[in-house]
Amino acid sequence: MHISIDQAIDKLKAGHVVAMPTETVYGLAASLNTPAAVAEIFRLKGRPLNNPLIIHVASQADVLKYAQELPPLFEALTQAFWPGPLTLIVPIQPHLVPALARADLPTAGFRMPNHDLALQVIREVGPLVMPSANLSGKPSSTRAEHVECDFGPDFPVLDGGACAKGLESTILYYDSPRWVIVRLGALSAELFEPVLGYHPDSVKAFRHAQPLCPGQLFRHYAPKAKLILGNGMEIEKADFVLGFKERLYPSSKRVLLMGSLNDPDPVAENLYQILRQLDQEDAKVAWVDMDFSREGLWETIAERLLRAGEGQ
Ligand code: TXA
Ligand code: MG
């Protein structure tokens, strides 16, 4: 059910959950200070309670109200990338941030989205927790119809059209003395070099006693179809191919084009739409052309496809 921005604001203020767009993916929003709505988000998504939520703010100053101490270069990072697809994990003052939202961690992730509708709503309602608006484990929603597919036609959605980026925010964590990437996303690692003075490493969440990004431990982005990732010998077994427009694939297969090998931006924008299309077309086995660059945003695209194919 599509709702207006005023209805979204009213519902959030009244302690309800609504879906709304950001520049990365659609989010399921609740006001940070309405515990029942925050709990409802976990229930709706089927999300484990040990997987914390990102707090979405309308300015850097909003973070200062909750933070304990800001890690070095926090301000330089927000100045360079906010509003935008960057989430920064920061130590907080525990009594100011409900434990449920941060899964009892001493930190919270903050992001200022680069989307007019989202920013208007946050300015009216205050900080919002917003996980991606999909059932846990499924591809994120990049269009209002994806949200309705997961949560039903009556679920309230503020429709902002297709998301410009199509991939979630990149998440940075300060692991003294360096910032590290705990989730690759719409910003690629090299973009941080001019601000940080070094190339931030990607760390695997499970290598730490306390996971740096709990969400990375769970299954993600997966369609119902089995994905075969880029082994040429195995294309025979597939009924679908996810490929690129410059390449030729066997004509007996249903080919879904992810885009062009020359431009990762539209590939990112369409990725979850195509994974969801496999389900709509009842695909059983899809072969994915993984023969592409790993530079820049392609690295995130490859990671999402690998995660989507894991554990099937
Ligand atoms: O682009 C995005 O980030 C989207 C849009 C809606 O803003 N949101 C999003 O939220 O992707 P979600 O909940 O699907 O993913 C948030 C990730 C999870 O993997 C979670 O474990 C991690 O952020 N996270 C949140 N708070 C954290 C914290 N305090 N410490 C470590 N990881 C945290
Ligand atoms: Mg998610």
Side-chain angles (χ1 to χ4, degrees), residues 17-30 32 38 41-42 44-57 63 66-68 71 81-92 94 97-115 117-119 121-122 127-142 146-147 150 158 160 163-175 180-187 203 205-206 208 210-222 268 272 300 303-304 307-308:
V17 175
V18 304
M20 59 183 212
T22 78
E23 82 280 28
T24 58
V25 298
Y26 274 75
L28 271 194
L32 176 64
V38 177
I41 282 187
F42 284 90
L44 282 165
K45 280 181 65 89
R47 183 178 177 108
L49 292 173
N50 59 355
N51 192 5
L53 307 174
I54 295 172
I55 301 171
H56 293 68
V57 293
V63 181
Y66 301 100
Q68 202 171 77
F81 298 106
W82 279 12
L86 173 64
T87 295
L88 295 169
I89 295 175
V90 169
I92 43 93
V97 182
L100 182 62
R102 58 186 160 84
D104 247 344
L105 294 171
T107 56
F110 292 90
R111 165 166 124 78
M112 179 178 175
N114 188 12
H115 196 289
L117 289 175
L119 288 173
V121 174
I122 296 166
L128 300 176
V129 290
M130 258 204 285
S132 51
N134 53 279
L135 295 171
S136 246
K138 290 280 152 200
S140 300
S141 292
T142 52
H146 299 165
V147 180
D150 280 13
L158 177 55
C163 299
K165 299 283 179 198
L167 296 174
E168 299 81 358
S169 60
T170 296
I171 305 181
L172 294 188
Y173 179 97
Y174 185 67
D175 195 15
V180 292
I181 296 177
V182 292
R183 180 179 74 182
L184 258 180
L187 294 176
V203 299
F206 53 80
H208 293 256
Q210 173 161 3
L212 298 187
C213 183
Q216 294 298 88
L217 302 177
F218 301 108
R219 181 139 188 256
H220 258 80
Y221 319 115
Y272 295 137
T300 309
E303 191 265 353
R304 294 297 192 271
R307 297 295 305 273

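First listed ligand is number 1; within each ligand, the first listed atom is number 1.
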Of all the heavy atoms in [X], does at least one lie under 4.0 Å from an atom in ligand 1?
{"X": "Lys165", "answer": "no"}
{"X": "Arg102", "answer": "no"}
{"X": "Ala108", "answer": "yes"}

Side chain proximity check, [X] to [Y], heavy atoms < 4.5 angstrom:
{"X": "Pro139", "Y": "His146", "answer": "no"}
{"X": "Pro113", "Y": "Ile122", "answer": "yes"}
{"X": "Val25", "Y": "Ser141", "answer": "no"}
{"X": "Tyr173", "Y": "Val203", "answer": "no"}
{"X": "Trp82", "Y": "Val57", "answer": "yes"}
{"X": "Arg47", "Y": "Leu53", "answer": "yes"}

Tell me the contacting part of [X] for ligand 1: side chain, backbone, both, or neither, using a 4.0 Å heavy-atom threshold, strictly below.
{"X": "His56", "result": "side chain"}
{"X": "Pro131", "result": "both"}
{"X": "Val182", "result": "neither"}
{"X": "Thr107", "result": "both"}

May I ask you to check whether over 12 heavy atoms, not counting those of Lys45, lie within 6.0 Å of atom NZ?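 Yes, enclosed.
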Partner of Val182 by side-chain contact (heavy atoms from CB on, under 4.5 Å), out of Ile89, Thr170, Asp175, Leu172: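 Result for side-chain contact (heavy atoms from CB on, under 4.5 Å) with Val182: Ile89.
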[atom]: the protein heavy-atom neighbour that sits closest, reported with distance to 0.1 Å:
{"atom": "atom 23 (O) of ligand 1", "result": "Ile171 CD1, 3.2 Å"}
{"atom": "atom 9 (C) of ligand 1", "result": "Ser132 N, 3.7 Å"}
{"atom": "atom 15 (O) of ligand 1", "result": "Arg183 NH1, 3.1 Å"}
{"atom": "atom 31 (C) of ligand 1", "result": "Leu212 O, 2.8 Å"}
{"atom": "atom 30 (N) of ligand 1", "result": "Ile89 CD1, 3.5 Å"}
{"atom": "atom 24 (N) of ligand 1", "result": "Pro52 CG, 3.7 Å"}
{"atom": "atom 16 (C) of ligand 1", "result": "Ile54 CD1, 3.6 Å"}
{"atom": "atom 5 (C) of ligand 1", "result": "Thr24 OG1, 3.5 Å"}

Should Leu167 and Tyr272 be marked as a side-chain contact (heavy atoms from CB on, under 4.5 Å) after you check the CA-CA gap, both sets of side-chain angles, and the distance that decides it? CA-CA 8 Å; Leu167 296 174; Tyr272 295 137; 4.0 Å; yes
Candidate with minimal heavy-atom separation from atom 13 (O) of ligand 1, of Arg111, Met130, Arg47: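 Ranked by closest heavy atom to atom 13 (O) of ligand 1, first place is Arg47.
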Please determine if [X] has a nitrogen or oxygen closer than 3.5 Å to a nitrogen or oxygen of ligand 1.
{"X": "Lys45", "result": "no"}
{"X": "Asn51", "result": "yes"}
{"X": "Thr22", "result": "no"}
{"X": "Tyr26", "result": "no"}

Quick one, Phe110 with Ile92, criterion side-chain contact (heavy atoms from CB on, under 4.5 Å). Give me CA distance, side-chain angles, the key distance, then yes/no. CA-CA 11 Å; Phe110 292 90; Ile92 43 93; 3.8 Å; yes
For ligand 1, which atoms sit closer than 4.0 Å to a heavy atom of [X]?
{"X": "Gly27", "answer": "6 (C)"}
{"X": "Ser169", "answer": "1 (O), 2 (C), 3 (O)"}
{"X": "Leu105", "answer": "28 (C), 29 (N), 30 (N)"}

Criterion side-chain contact (heavy atoms from CB on, under 4.5 Å) on Met112 and Leu119, from CA distance to verdict: CA-CA 8 Å; Met112 179 178 175; Leu119 288 173; 4.0 Å; yes
Whether the Glu168 and Ser140 side chains hold a donor-acceptor pair (N or O, under 3.5 Å, no angle test) is what I'd like checked.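 Judged by distance alone, the side chains do pair up.
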State, without any angle test, whether Arg183 and Thr87 hold a side-chain donor-acceptor pair at a distance under 3.5 Å.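 Judged by distance alone, the side chains do not pair up.
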Quick one, Phe81 with Leu88, criterion side-chain contact (heavy atoms from CB on, under 4.5 Å). Give me CA distance, side-chain angles, the key distance, then yes/no. CA-CA 11 Å; Phe81 298 106; Leu88 295 169; over 6 Å; no
Strictly under 2.8 Å, is the Mg ion (ligand 2) approached by any N, O or S atom of Asn134?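 No.
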